[in-house]
Visitor: 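Dropping the structure in here first, questions after.
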Amino acid sequence: MSGGRGDDRGLTVRVKKKRGIKASSRRWLERQLNDPYVRRAKADGYRSRAAYKLTEIDDRYKLLKPGQRIVDLGAAPGGWCQVAVERTGSSQDDIRVVGIDYLAVEPVAGSTILEMDFLDEGAPERLIETLGGTPDIVLSDMAAPTTGHRRTDHLRTMHLCEVAADFAVKTLKPGGHFLCKTFQGGTENDLLTLLKKNFTSVHHVKPPASRDGSVELYLLAKSFRGSRADADGETEGEEPGPLG
Ligand SMILES: C[S@@+](CC[C@H](N)C(=O)[O-])C[C@H]1O[C@@H](n2cnc3c(N)ncnc32)[C@H](O)[C@@H]1O
């Protein structure tokens, strides 16, 4: 490394060009070293800069409340779980935040994080069982691993978003909320239709912590109506069990 000191005085840290370091890796490292949210996360004890995306969305839309049950899909390394635990008051004695990721996550006190692929057949059941009741909020920050092929990455993450939305519609408490990572221009009409039918309001949200250059965008569906209408408007029954 050379150049500035990486503190908050506007100095820029640069990573020297070295053989063996790809230009894209060097750019990533420079961005991390110069990112004020990365520094803040370290100082505040958050596992990820992503924690601020949830904090900012929640400050604006007032979703998380004490006593709620929360599901966090794609939880590693645990930043959103930390925020959800803080804001719901979930504790080891009464765990109300359950996350899932196929990557191992260091335990976050006040939550349980399942090491499992959310797309596994048994995952939804395990989540609800572990949560000990139906969720008030389903969060999903899931992103598919990048392949370098933009369109493929886009489609894979959109698929995760659709499966997460389906889970939310099948499990949420009436009045509950669904927040999901998506991409600009990527939200399929069927998904939007499903959400608009099942929730009182649907918003696209770009929190300040989401990098300007990134196409990432969050989809927020507020106040689940509770009657579980599918995309064609068919109502599937008033109060089915947690998994429909
Ligand atoms: C952007 S990170 C989440 C960051 C997290 N919100 C935080 O604050 O620490 C996206 C995560 O989604 C996870 N993920 C992607 N597909 C998944 C799947 N099918 N099942 C479980 N987790 C998945 C990835 O492993 C990755 O850890």
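Numbers here simply count residues along the sequence, with the first being 1. Just so it is clear, the values below take in all heavy atoms, side chains as well, and ignore hydrogens, waters and symmetry mates. The structure displayed is predicted, hence computed values, not measured ones. Whatever order the structure lists ligands and atoms in, that order sets their numbers, starting from 1.
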Visitor: Before accepting this row, confirm whether a basic side-chain N of the pair Arg96/Asp136 lies closer than 4.0 Å to the acidic partner's carboxylate O.
Guide: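 So Arg96 does not pair with Asp136 through a salt bridge.
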Visitor: Quick one: look at Arg47 and ligand 1, take heavy-atom pairs under 4.0 Å, and tell me if it's side chain, backbone, both or neither.
Guide: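 Neither part.
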Visitor: Out of Phe178, Tyr61, Phe183, Trp80, which one pairs with Tyr218 under the ring pair (Phe, Tyr, Trp, His ring centres under 6.0 Å) rule?
Guide: Trp80
Visitor: Does the N or O separation between Gly79 and ligand 1 drop below 3.5 Å for any pair?
Guide: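 Min N/O separation from ligand 1 is below 3.5 Å for Gly79.
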Visitor: So is Met116 in contact with ligand 1, going by heavy-atom distances below 4.0 Å?
Guide: yes
Visitor: Just to be sure I'm reading this right: ignoring hydrogens, which of Ala50, Ala76, Ala123 gets closest to atom 4 (C) of ligand 1? Compare them by their nearest heavy atoms.
Guide: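 Considering heavy atoms of Ala50, Ala76, Ala123, the nearest to atom 4 (C) of ligand 1 sits in Ala76.
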Visitor: Would Asp101 count as a polar contact of ligand 1, with the cut-off being nitrogen or oxygen pairs under 3.5 Å?
Guide: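 The answer is yes, given that Asp101 and ligand 1 share an N or O pair closer than 3.5 Å.
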Visitor: Within ligand 1, which atoms have a heavy atom of Leu103 less than 4.0 Å away?
Guide: 25 (O), 27 (O)
Visitor: So, regarding Asp141 and ligand 1 (criterion: nitrogen or oxygen to nitrogen or oxygen, under 3.5 Å), is there a contact or not?
Guide: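 Indeed, backbone or side chain, Asp141 has an N or O that close.
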Visitor: Quick check for you: to the nearest 0.5 Å, what is the distance between Thr55 atom OG1 and Asp59 atom CG?
Guide: 6.5 Å
Visitor: Would the distance check show the side chain of Asp44 and the main-chain N or O of Tyr46 forming a donor-acceptor pair, the cut-off being under 3.5 Å?
Guide: no
Visitor: How close does the nearest protein non-hydrogen atom get to atom 19 (N) of ligand 1, and which residue and atom is it?
Guide: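 Checking every protein heavy atom, the shortest distance to atom 19 (N) of ligand 1 gives Asp117 OD1, 2.8 Å.
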Visitor: Regarding Glu216 and Arg211, does a basic nitrogen lie under 4.0 Å from an acidic carboxylate oxygen?
Guide: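 Answer for the salt bridge query: no.
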Visitor: Kindly check if the number of other-residue, nucleotide or ligand heavy atoms within 6.0 Å of NE2 (His159) is above 12?
Guide: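 Atom NE2 in His159 is not packed in, count stays at 12 or less.
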Visitor: Report the member of Phe118, Trp80, Tyr102 with the shortest heavy-atom distance to atom 16 (N) of ligand 1.
Guide: Tyr102
Visitor: Atoms of ligand 1 less than 4.0 Å from Leu119 heavy atoms?
Guide: 19 (N)
Visitor: Could you identify the single nearest non-hydrogen protein atom to atom 8 (O) of ligand 1 and state the distance to 0.1 Å?
Guide: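 Going atom by atom, the protein heavy atom closest to atom 8 (O) of ligand 1 ends up being Ser48 OG, 2.9 Å.
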Visitor: Quick one: CE on Met142 to CG on Leu119, what's the gap to the nearest 0.5 Å?
Guide: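 Going from the CE atom of Met142 to the CG atom of Leu119 covers 6.5 Å.
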Visitor: Using a 4.0 Å heavy-atom threshold (strictly under), name the region of Leu73 that reaches ligand 1: side chain, backbone, both or neither.
Guide: neither
Visitor: Specify the protein heavy atom at minimum distance from atom 15 (C) of ligand 1: its residue, its atom name, and the distance to 0.1 Å.
Guide: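 Residue, atom and distance for the closest contact: Ala143 O, 3.1 Å.
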Visitor: Under 30°, 30 to 60°, or over 60°: which ring-plane class applies to Phe118 and Phe167, parallel, tilted or perpendicular?
Guide: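 Answer is perpendicular, since the angle exceeds 60°.
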Visitor: Is it the case that ligand 1 has an N or O less than 3.5 angstrom from some N or O of Met142?
Guide: no
Visitor: Can you find a pair of side-chain heavy atoms, one from Leu63 and one from Lys222, that are under 4.5 Å apart?
Guide: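 Touching, per the 4.5 Å side-chain cut-off.
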Visitor: Distance from Leu179 atom CG to Leu54 atom CG, nearest 0.5 Å?
Guide: 6.5 Å
Visitor: With heavy atoms of Leu160 as the reference, note each atom of ligand 1 found under 4.0 Å away.
Guide: 16 (N), 19 (N)
Visitor: Counting only nitrogen or oxygen atoms and a 3.5 angstrom limit, does Gly78 reach ligand 1?
Guide: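 Between Gly78 and ligand 1 (N or O atoms, distance only) the closest approach is under 3.5 Å.
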